[in-house]
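First up is the structure itself, then whatever we jot down about it.
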Amino acid sequence: PDLVVSIGGDGTVLKLSRVYQKYTPLILPLPCGRRTAFYEDICIEEYDEIVDRLEKGLFHIDILKRIMVKTSIGNYLALNEMELVSLERGRVSEYRVLIKSLGVDSTVKFYGDGLLIGSSPGSAAYNLSLKGPLIDYLLDTVFITPLNSVELNITPIVASFYSKIKVSSKGRNELYIDGERVGVVESFNEIVVEPSNLSFRIIRFNKSDYLKRIFSRRILVFER
């Protein structure tokens, strides 16, 4: 298809990213879900105008970059992030992260419950809940955010999107791609995360306040 309408929230858009791995049609997100924070930029009052705007070309396209995750159990494209979580709940595991890019060759080791690796669009999702950095979604970056690291001096890392990142762990880990469990990675099996040229294309009608859209939906509400 040339155009796919996503009726739901951010999770529905992520599901489309998992469906369209090798080819991406234009995606038009219509907010109708519990988690409409980042990918949807229109309100329900504008629905009557959508077809007219599409026919007249009154929109722009955000090209969002995805990462390729290569593992022993398969290869996957991720729009938000890949997540490794230790299978030994309540017991930390050791993780080794090698970052290779132009002029950079660094290795980080830490003990914790797992880690996230994702591109800039995913920084507004689970990464933000882990106190990771909120990154302008059009910047070419990749973030690495530990889950509950024992070492207090370990902070989230932001690297070039064009880096190659290799991850291994002494323990067995569950692997999640954009929130969906895809399998178990055995001990010492290496995972490679690298840039992909298979981008994801989102239709935008409005130039909205990115920060306001993200933070306004993460306000603590007390019910009476």
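Positions are given from 1 along the sequence.
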ILVMFWY cluster, [X] and [Y] together (side-chain gap under 4.5 Å):
{"X": "V104", "Y": "V108", "value": "no"}
{"X": "I117", "Y": "V158", "value": "no"}
{"X": "F143", "Y": "L77", "value": "no"}
{"X": "L138", "Y": "L128", "value": "yes"}
{"X": "V192", "Y": "L115", "value": "no"}

If you define the side chain from C-beta out and look only at heavy atoms, does anything of [X] sit under 4.5 Å from [Y]?
{"X": "R66", "Y": "T24", "value": "yes"}
{"X": "S86", "Y": "Y111", "value": "no"}
{"X": "T155", "Y": "S149", "value": "no"}
{"X": "L116", "Y": "L147", "value": "yes"}
{"X": "I50", "Y": "L30", "value": "yes"}
{"X": "I191", "Y": "M82", "value": "yes"}
{"X": "V142", "Y": "S119", "value": "no"}
{"X": "N148", "Y": "L130", "value": "no"}

State, to 0.1 Å, how close [X] and [Y] come at their nearest heavy-atom pair, and which atoms those are.
{"X": "S163", "Y": "P195", "result": "O-CD, 3.3 Å"}
{"X": "F200", "Y": "S17", "result": "CE1-CA, 3.5 Å"}
{"X": "Y95", "Y": "D113", "result": "OH-O, 3.5 Å"}
{"X": "P156", "Y": "P133", "result": "CB-CD, 3.6 Å"}
{"X": "P29", "Y": "I203", "result": "CD-O, 3.9 Å"}
{"X": "N75", "Y": "K70", "result": "OD1-CA, 3.2 Å"}

So does L102 have more than 12 non-hydrogen atoms from other groups sitting under 6.0 Å from CG?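 At most 12 heavy atoms, drawn from other residues, nucleotides or ligands, come within 6.0 Å of this atom.
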
Residues, nucleotides or ligands: over 12 heavy atoms within 6.0 Å of R89 CZ: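 Yes - once you tally the heavy atoms of other residues, nucleotides and ligands closer than 6.0 Å, there are more than 12.
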
Got a donor-acceptor contact below 3.5 angstrom from the [X] side chain to the [Y] backbone?
{"X": "Y137", "Y": "S123", "value": "no"}
{"X": "S120", "Y": "L139", "value": "yes"}
{"X": "N189", "Y": "S168", "value": "no"}
{"X": "N173", "Y": "V185", "value": "no"}

Please test L28 against L54 for side chain to side chain contact (heavy atoms under 4.5 Å, CB included), starting from the C-alpha separation and ending with a verdict. CA-CA 10 Å; L28 171 59; L54 283 172; 4.0 Å; yes

Please step through side chain to side chain contact (heavy atoms under 4.5 Å, CB included) for the pair T71 and V182, ending with a clear verdict. CA-CA 11 Å; T71 76; V182 296; over 6 Å; no

Please state whether the rings of F59 and F205 are parallel, tilted or perpendicular, taking 30° and 60° as the class boundaries.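 F59 vs F205 ring planes: perpendicular.
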
Can you list the other members of the hydrophobic cluster that holds V184, where links are side-chain heavy atoms under 4.5 angstrom apart?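 Under the 4.5 Å side-chain rule, V184 groups with L87.
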
Atom [atom1] of [X] and atom [atom2] of [Y]: how far apart are they, to the nearest 0.5 Å?
{"X": "R53", "Y": "D48", "atom1": "CZ", "atom2": "CG", "result": "11.0 Å"}
{"X": "I61", "Y": "L26", "atom1": "CD1", "atom2": "CG", "result": "4.5 Å"}
{"X": "K100", "Y": "E194", "atom1": "NZ", "atom2": "CD", "result": "13.0 Å"}
{"X": "I157", "Y": "I99", "atom1": "CD1", "atom2": "CD1", "result": "4.5 Å"}
{"X": "T141", "Y": "K65", "atom1": "OG1", "atom2": "NZ", "result": "10.0 Å"}
{"X": "L16", "Y": "Q21", "atom1": "CG", "atom2": "CD", "result": "11.5 Å"}

Quick one about S160 and S101 (side-chain donor to acceptor, distance below 3.5 Å, no hydrogens or angles considered), yes or no?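 Checked: S101/S160 side chains show no N/O donor-acceptor pair below 3.5 Å.
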
Is the closest side-chain donor-acceptor distance between N80 and Y126 under 3.5 Å?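 No.
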
Among residues at least two apart in sequence or on other chains, which ones pass salt bridge (charged side-chain N to carboxylate O under 4.0 Å, His left out) with D62?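 Expected list: R204.
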
Of all residues at least two apart in sequence or in a different chain, which pass the salt bridge (charged side-chain N to carboxylate O under 4.0 Å, His left out) check with K170?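 E94.
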
Tell me, with the steps shown, if L198 and S196 meet side chain to side chain contact (heavy atoms under 4.5 Å, CB included). CA-CA 5 Å; L198 297 172; S196 170; 3.5 Å; yes

Check the pair I67, I165 against side chain to side chain contact (heavy atoms under 4.5 Å, CB included), reporting the backbone distance first and the verdict last. CA-CA 11 Å; I67 55 174; I165 301 169; over 6 Å; no

